[in-house]
Amino acid sequence: MSQHTLFGDHPATRPLDEVGEVQFLDTTLRDGEQAPGVSLTPDDKADIARKLDAARIDVIEAGSACTGPGERETISRVTELDLDATVTSFCRGIRNDIDLALECGVDGVNLVVPASDRHIEDKVGTSKADNVQSTVELVEYAKANDLWVEVIGEDGSRADLDYLEELLGAALDAGADRICWADTVGHATPDRALECVARLSELGPVSTHTHDDLGLAVTNALVSIAAGADLVHGTINGIGERAGNVALEEVAIALDHGYGVETMELTEVYDLADLIANRTGIPLAPNKAVVGQNAFTHESGIHTDGTLKDDAMYEPYPPEKVGRERRLALGKHAGRAGVQAALDEHDVSVTDEQLSEIVGRVKEIGDRGKRVTDADLLTIADEVTGQEQDRRVELLGLTAVSGSDTPTASVRLSVDGEERKEAAVGSGPVDAAMNAAEAALSHTADATLEDYHVDAITGGTDAMVTVEIEMSRGDDHVAVSASDSDITRASVRAMVDAMDRLVTDEDETLVADD
Ligand SMILES: CC(C)C(=O)C(=O)O
């Protein structure tokens, strides 16, 4: 027996490293969109679906056709993309829901029928026998319309298991392609997941749909696979009702890293997570597994030193595997090795004594609860080495106007003593001001804004905000932060400071030729 058997030698489990193919059904566009406050436009759904397809997701549940005409338009946008993935709609146990799904041109339906007494009697108000009968008729109807059909027993983890077997067995007998065990309220412990999925997998192909209310969604998905499930439902970033669905990227990396089982294209994971965070407005927690900002960032002296000696010292797998890069951050736990590495990155040479002083000053900033950016480090290094340079790019003035008309902004900069003024429009005042600053600087140097991030430091409408940006120019990267009570001013100041750092080559002429 393999060492990789969950629950030891429980007769109902199979070794995860011997499971062969495991498919993914992504429900970011349906269960993910059911997270409070999330509403995706047709363009959002089309962009996300394209990315999911590029990441080799097998089935994309594009929405619930019964929601209304707007939702049907978004599902149709996805079906028109002609993706490799099977595209489905969620349908309640109502014939009209299947008709509405057919109008959207889907390949299949995820037919949800009640499974627990609570759902059958108190929610739907039917009997167990009628529920089986209507499920059979709905499956036959959907199959007669050439649809791929998965039948999901809602609240399956709280259902009577004998009844769940009867219901889903009848669905398979009526022609359903697969059945799904749903832990609708994230209530199951791993042993309950094992018991249910093992029994259902005796009937035919089984999917698993787990929620994270007990923080067990990934565990229960893995246990389900060990018990016989061969398709996992989930969302990217784990968004979804309440505490969310299982995060597919976490299941994917656990299967790959722990058991050598391949599922989705892992190198697409980070871009996908970023896109979904942006479009749904649900940010990624910094400590989120796989895709959080800190997942491959090392700050403490001991970890940075270890990582510089051996990349794998404090990482289970390399960041490139999931489309990311490793970062070494500076803060109160910084050590000499980390600071030296950061200085090397910016080609700054210092003596041992100067390094000690720089480390001390970096720690002081960290002790005040602040992150130490590249710009902070370079300013400290300039002061400690006595090589303070005159600024070459400075912000002289900024005006931004927003209201019911298109937001506009103008900025006035000094570049090597020459005054530059530009105006621009944007999607908001910050965007307009950043566009204006970019226009004023573009005669100077081609730089790219890589990252932009805002944090409110205090509460209230007069909150201080810190804007952190990362810019690159050729091979040079610089991270800069600026704090202000005005978010537009903080953004432009950060951008101008970053440019000032990126154009310090002494031989470069910044004044435009007229
Ligand atoms: C599959 C369906 C009904 C679902 O979202 C759930 O049970 O959580």
Side-chain angles (χ1 to χ4, degrees), residues 23-36 38 40 57-67 71 75 86-94 97-98 101 106 108-120 122-124 126 131 134-135 138-139 142 148-161 163-164 167-168 171 176-188 192-193 196-197 200 205-218 220-221 224 229 231-248 251 280:
Q23 296 197 338
F24 278 179
L25 176 147
D26 181 277
T27 180
T28 306
L29 304 182
R30 198 277 297 168
D31 216 338
E33 203 193 19
Q34 285 172 212
V38 178
L40 298 166
I57 292 289
D58 305 281
V59 185
I60 298 174
E61 191 180 29
S64 303
C66 63
T67 304
E71 176 71 341
I75 298 174
T86 299
V87 177
T88 65
S89 167
F90 173 96
C91 291
R92 295 165 300 172
I94 297 173
D97 277 21
I98 298 176
V106 293
V109 287
N110 303 97
L111 184 62
V112 181
V113 295
S116 65
D117 292 356
R118 209 183 231 110
H119 278 245
I120 296 169
D122 304 342
K123 193 178 90 174
V124 178
T126 184
N131 189 39
S134 67
T135 300
L138 289 165
V139 171
W148 174 90
V149 180
E150 178 186 66
V151 178
I152 304 167
E154 189 173 16
D155 206 19
S157 57
R158 290 192 296 187
D160 171 71
L161 198 40
Y163 177 70
L164 190 62
L167 174 71
L168 297 181
D177 295 273
R178 57 173 49 247
I179 53 178
C180 177
W181 176 70
D183 186 19
T184 300
V185 296
H187 135 104
R192 174 72 177 160
C196 296
V197 177
L200 295 179
V206 180
S207 312
T208 183
H209 181 108
T210 59
H211 278 270
D212 210 27
D213 301 70
L214 299 182
L216 287 171
V218 174
N220 286 342
S224 298
L231 187 150
V232 176
H233 285 207
T235 61
I236 301 297
N237 302 343
I239 61 169
E241 297 268 7
R242 307 177 311 280
N245 291 65
V246 73
L248 283 180
V251 180
T280 59

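Hydrogens, waters and symmetry mates play no part in the numbers below; they use all other heavy atoms, side chains included. In each ligand, atom 1 is the first atom listed, and ligand 1 is the first ligand listed.
Among residues two or more places apart in sequence or in another chain, the salt bridge (Lys or Arg N to Asp or Glu O under 4.0 Å) test is passed with Glu71 by Lys45.
The side chain to side chain contact (heavy atoms under 4.5 Å, CB included) with His211 is formed by just one residue from the set Asp183, Asn220, Asp31, Leu216; it is Asp31.
Under 3.5 Å, the side chains of Asn110 and Thr88 contain a donor-acceptor pair of N or O atoms.
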Evaluate the criterion side-chain contact (heavy atoms from CB on, under 4.5 Å) for residue pair His233 and Asn245; output intermediate values, then yes/no. CA-CA 8 Å; His233 285 207; Asn245 291 65; 5.8 Å; no
Step by step, would you call Val151 with Leu168 a side-chain contact (heavy atoms from CB on, under 4.5 Å)? CA-CA 7 Å; Val151 178; Leu168 297 181; 3.9 Å; yes
Could you check ligand 1 for N or O atoms lying under 3.5 Å from protein N or O atoms and list the pairs with distances?
unit_1, atom_1, unit_2, atom_2, d
ligand 1, 5 (O), Arg30, NH1, 3.3
ligand 1, 5 (O), Arg30, NH2, 3.1
ligand 1, 5 (O), Asp31, OD2, 3.0
ligand 1, 5 (O), His209, NE2, 3.3
ligand 1, 7 (O), Thr184, OG1, 2.5
ligand 1, 8 (O), His209, NE2, 3.1
ligand 1, 8 (O), His211, NE2, 2.9

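A side-chain donor-acceptor contact under 3.5 Å links Asp26 to the backbone of Thr28.
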